[in-house]
Amino acid sequence: MRQELEDLRAAALDQIQQSADAAQLERARVHFLGRKARLTAILRQLVTLSPQERPVIGLLANQVKQAIEASITAQRASLESIPSDDVLATDQIDITLPGRRPTLGRLHPLTQIMREICQVFVEMGFAVIEGPDVEWDYYNFEALNIPEDHPARDMWDTFWIDPASISVDKPMLLRTHTSPMQIRIMEQTKPPIRVVVPGTCYRYEAVDASHESQFHQIEGLAVDEGVTFADLKGTLYTFVQRLFGKDRKIRFRCDYFPFVEPGVDMSIDCFRCKGAGCRLCKESGWLEILGAGMVHPNVLTRVGYDPARYSGFAFGLGPARVAMLKYGIDDIRFFHGNDLRFLQQFP
Ligand code: DAH
């Protein structure tokens, strides 16, 4: 009987390990441990054995039973860790397929155009400086030759900040243009100055296809001895040709900005119709892209520069307008509409 138990154990372990799936394993279990199994019969017959044999055979029979049970448990676990044939068939990985490209972020078109514009000026020797969005009335208006009751203040619909709410005693606002940085820079440095200032501006304005209440500007300022209107023209002409191509022409017309004299607006000839007149240029042949002028003597005096010795030019442009012209975008609201179909066109 002892030999029979040993044989049973060997046969059972062998068959269990040969089981290739759950059904085979179950059959092996029923065969070796089920009600009609030989081992079950032996265990039942223990009472018929002699008192000498009973403990010895009983012990062995129980060990065999436990070994078989342990083997079944182990085999079941290992079968479960192997995926079924179905899963293997449908889950095949085709290692010849090209990989999936991870989605990459990209720079916003406005960021791109602002960097491009600044870079053109950097190559002409300008430094890039930024300034605060929340500004004193003094820098945004007063020091720019726009005193409190000056009608020109109407040119900029302003978001005012309640001084009490931030415990200041002088009026503050969200800057309506980047021009206040002209004053801040001149207050802190002596000529020669050549800077461009990219930044966000705010105006209390109704939003439409060409206006947003929050937008960007890039300001330019050059001050030194002997700076003339010819320098302004040359610098801006170079800028236009770099950004819009060698064939572009420019046109200046008188315009009024209190902090420059003379003040101008500058247009480029329409690159769509080459000046013949089209929808983009509203049939005029020209596209207005910036305001500029020679820094007003009052402004120079205010920051302690001697206007008899120093002169300068300044300009301010809207990068969104430049991008709209350059890429033929007809609504400024696309820029902050967060529509990927729009944004993904600017790689
Ligand atoms: N700050 C003006 C505006 O927002 C634009 C401008 C015009 C800036 C003439 C200048 C300038 O520096 O010289 O409308």
Side-chain angles (χ1 to χ4, degrees), residues 114 117-118 121 126-133 135-146 150-159 173-187 193-205 210-224 227-237 239-240 250-267 287-300 302-303 305 307 310-322 332:
M114 284 171 59
I117 293 169
C118 287
F121 286 104
F126 285 71
V128 181
I129 297 185
E130 291 181 68
D133 290 22
E135 189 53 283
W136 297 104
D137 174 284
Y138 178 79
Y139 289 108
N140 197 85
F141 290 128
E142 191 83 25
L144 285 167
N145 204 27
I146 318 167
H150 196 294
R153 286 209 175 195
D154 288 351
M155 291 167 70
W156 299 276
D157 298 298
T158 308
F159 285 114
L173 43 77
L174 297 181
R175 65 174 171 194
T176 60
H177 49 180
T178 41
S179 305
M181 276 306 285
Q182 291 187 27
I183 308 297
R184 286 181 176 272
I185 290 160
M186 287 191 283
E187 271 184 351
I193 289 173
R194 265 177 287 170
V195 288
V196 281
V197 184
T200 312
C201 305
Y202 308 82
R203 285 188 203 170
Y204 185 51
E205 251 178 284
S210 46
H211 297 88
E212 278 195 310
S213 52
Q214 183 180 331
F215 58 98
H216 298 95
Q217 280 192 346
I218 297 177
E219 190 81 12
L221 177 70
V223 186
D224 201 353
V227 173
T228 69
F229 200 92
D231 296 310
L232 184 160
K233 278 170 103 174
T235 305
L236 294 180
Y237 192 31
F239 158 68
V240 163
I250 52 174
R251 178 189 74 175
F252 289 96
R253 285 190 308 182
C254 277
D255 202 346
Y256 174 68
F257 302 98
F259 35 91
V260 282
E261 180 57 40
V264 293
D265 64 56
M266 188 182 87
S267 304
L287 301 163
E288 194 178 314
I289 63 164
L290 55 80
M294 300 304 291
V295 181
H296 198 289
N298 289 357
V299 173
L300 294 172
R302 174 84 63 156
V303 296
Y305 288 6
Y310 293 112
S311 55
F313 67 81
F315 59 88
L317 62 86
R321 178 158 175 79
V322 172
I332 199 169

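Order of appearance sets the numbers: ligands from 1, and atoms from 1 within every ligand.
Distances between N or O atoms of A314 and those of ligand 1 include at least one value under 3.5 Å. For ligand 1, the polar-atom distance check against T176 finds no nitrogen or oxygen pair separated by under 3.5 Å.
Residues satisfying the side chain to side chain contact (heavy atoms under 4.5 Å, CB included) test with F215, not counting sequence neighbours, are C201, R203, Q217. In terms of the side chain to side chain contact (heavy atoms under 4.5 Å, CB included) criterion, residue partners of S311 (sequence neighbours excluded) are, by chain and number, V227.
Here is the list of ligand 1 atoms found below 4.0 Å of a heavy atom in Q182: 12 (O). Contact atoms of ligand 1 toward W156: 3 (C), 4 (O), 14 (O) (distance under 4.0 Å to a heavy atom of the residue). Near R203, meaning under 4.0 Å from any of its heavy atoms, are these atoms of ligand 1: 3 (C), 4 (O), 14 (O). Which parts of ligand 1 touch Q217 is read off a 4.0 Å heavy-atom cut-off, strictly below it: atoms 3 (C), 4 (O). In summary, the atoms of ligand 1 found under 4.0 Å from a heavy atom of F257, numbered by their order in the structure, are 7 (C), 9 (C), 14 (O). Atom numbering of ligand 1 starts at 1 in the shown order; those under 4.0 Å from a heavy atom of G293 are 13 (O). Numbered from 1 in the order shown, with element, the atoms of ligand 1 that lie under 4.0 Å from a heavy atom of S179 read 1 (N), 8 (C).
In this comparison of A292, G263, G220, the heavy atom closest to atom 9 (C) of ligand 1 sits on A292.
In the model, Y139 has a side-chain atom that pairs as donor or acceptor with a side-chain atom of E187 under 3.5 Å. In this model, a donor atom of one side chain and an acceptor atom of the other lie less than 3.5 Å apart for D133 and Y202.
Using a 4.0 Å cut-off between charged nitrogen and carboxylate oxygen, R194 and D231 do not count as a salt-bridge pair.
Contacts with ligand 1 closer than 4.0 Å are made by no heavy atom of M294, backbone or side chain.
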